[in-house]
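Read the structure below first, then the notes.
Fair warning: this is a prediction, and the values are worked out from it, not measured in the lab.
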Amino acid sequence: MTALPIRTADRLALFGTLLSVFDAVHPLCDHWVQSSQDASLKGLHGDHYVYADGTPLPDGADPADSDVPVFRASVLGRAAACRHVRSYTAVQLATAVTVTRALGYRVPIGALLAGAALNAATHLVIDRREPLLNLADRFGKRGYIDHCSATRIDQHGNVTTELSGPGTALMELDQAAHRFIGIGAAALTTWLATRTSGRR
């Protein structure tokens, strides 16, 4: 077997490490770091008004007459998605720096930020849900999404059906897309980092 050139071996090792970190950190950030409120609100869309918990105002209610803050649904959804992506990116960067430095490699900050930016931007788009649904439609996945929905029962015993969240096909498609993009983010970071040596 032919030995790999040192530069190639370094690149493969860094790529494998970053890919492992990005892949392992993703579910941690989605399920442990992300707040329950952001998880439930980040997919909200529309110009209608909602309360801070995402509950729509009653039909015919005037937002100006509300005794508590109300928001346009899309504004509340974007804010929740941005908070989630901010915490996700911070944990991802901190973990990548910690692991690579512990293994004796200093990844240039510009390279790390480029990979993190790719993950963050695509994460924000995917987690807003409508773009992911549109993409799923293009790939003929609507039947899969409709078939694998989830039934939820609230504290009052009301039953609803959700296309999103744990136990749904949309969540599986979400996770698969994020993980696939993580390959590109790890490759981009590796390519930028190894243009000049990052080893200590």
Side-chain angles (χ1 to χ4, degrees), residues 4-44 76-133 135-136 150 162 164-200:
L4 290 173
I6 292 175
R7 187 171 181 80
T8 300
D10 282 352
R11 283 177 169 166
L12 288 170
L14 181 59
F15 172 75
T17 300
L18 291 170
L19 183 59
S20 295
V21 167
F22 293 166
D23 195 52
V25 164
H26 181 89
L28 175 79
C29 293
D30 268 0
H31 302 292
W32 285 91
V33 177
Q34 179 176 209
S35 73
S36 298
Q37 183 181 34
D38 289 345
S40 65
L41 298 179
K42 65 186 180 183
L44 285 178
L76 195 62
R78 278 194 300 270
C82 287
R83 284 192 301 270
H84 167 51
V85 170
R86 187 170 57 238
S87 64
Y88 164 84
T89 303
V91 173
Q92 180 191 80
L93 279 171
T95 308
V97 168
T98 300
V99 170
T100 53
R101 289 194 177 186
L103 296 174
Y105 202 101
R106 286 187 182 272
V107 181
I109 191 64
L112 278 173
L113 290 175
L118 175 59
N119 270 334
T122 55
H123 202 110
L124 181 62
V125 171
I126 290 169
D127 276 23
R128 289 290 286 136
R129 294 294 176 249
E130 279 191 356
L132 182 61
L133 282 167
L135 183 64
E162 282 186 0
S164 179
T168 66
L170 190 63
M171 182 171 178
E172 296 297 331
L173 293 171
D174 167 287
Q175 296 294 300
H178 288 316
R179 294 176 80 175
F180 182 73
I181 292 166
I183 297 171
L188 175 62
T189 303
T190 299
W191 179 75
L192 291 172
T194 57
R195 290 189 302 171
T196 57
S197 178
R199 288 187 295 172
R200 287 197 281 213

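Among all heavy-atom pairs drawn from A111 and L192, the shortest one is CB-CB, 3.7 Å. The shortest heavy-atom contact between R128 and A81 is CD-CB, 3.8 Å. A116 and T89 make their closest contact through CB-CG2, 4.1 Å (heavy atoms, listed as atom of the first residue, atom of the second, distance). I183 and F15 make their closest contact through O-CE1, 3.6 Å (heavy atoms, listed as atom of the first residue, atom of the second, distance). Contact detail for T190 and R11: the closest heavy-atom pair is CG2-O, 3.4 Å. Here the shortest heavy-atom pairing between Y105 and T194 reads OH-CG2, 3.6 Å.
In this structure, E130 has no salt bridge (charged side-chain N to carboxylate O under 4.0 Å, His left out) partners at least two apart in sequence or on a different chain. Residues passing the side chain to side chain donor-acceptor pair (under 3.5 Å) test with S164, sequence neighbours excluded: R129. Partners of V125 according to the side-chain contact (heavy atoms from CB on, under 4.5 Å) rule, which considers only residues two or more places apart in sequence or in another chain, are P131. Looking at residues two or more places apart in sequence or on another chain, you find a side-chain contact (heavy atoms from CB on, under 4.5 Å) between Q37 and S35, L41. Partners of R83 by side chain to side chain donor-acceptor pair (under 3.5 Å), not counting sequence neighbours, listed by chain and number: D38. When the salt bridge (charged side-chain N to carboxylate O under 4.0 Å, His left out) test is applied to R179, the partners found at least two apart in sequence or on another chain are D23.
The side-chain heavy atoms of L135 and L173, taken from C-beta on, include no pair separated by under 4.5 Å. L113 places a side-chain heavy atom less than 4.5 Å from the side chain of L93. Side-chain contact between M171 and P166 is present, with heavy atoms from C-beta onward closer than 4.5 Å.
Atom OH of Y88 is separated from atom NE2 of H26 by 6.0 Å, given to the nearest 0.5 angstrom. T122 OG1 to I181 CD1: the interatomic distance, rounded to the nearest 0.5 Å, is 4.0 Å. Note that OG1 of T189 is 10.5 Å distant from CG of L19, once rounded to the nearest 0.5 Å. Of the inter-residue distances, the one linking L170 atom CG with I126 atom CD1 reads 10.5 Å to the nearest 0.5 angstrom. A distance of 6.0 Å separates CG in D127 from CG in D30, rounded to the nearest 0.5 Å. Taking CG of L124 as the start and CZ of R86 as the end, the distance is 11.0 Å to the nearest 0.5 Å.
The main-chain N or O of K42 is never found under 3.5 Å from a side-chain atom of R78 such that the two would form a donor-acceptor pair.
Remark: the N119 side chain and the H178 side chain contain no N/O donor-acceptor pair separated by less than 3.5 Å.
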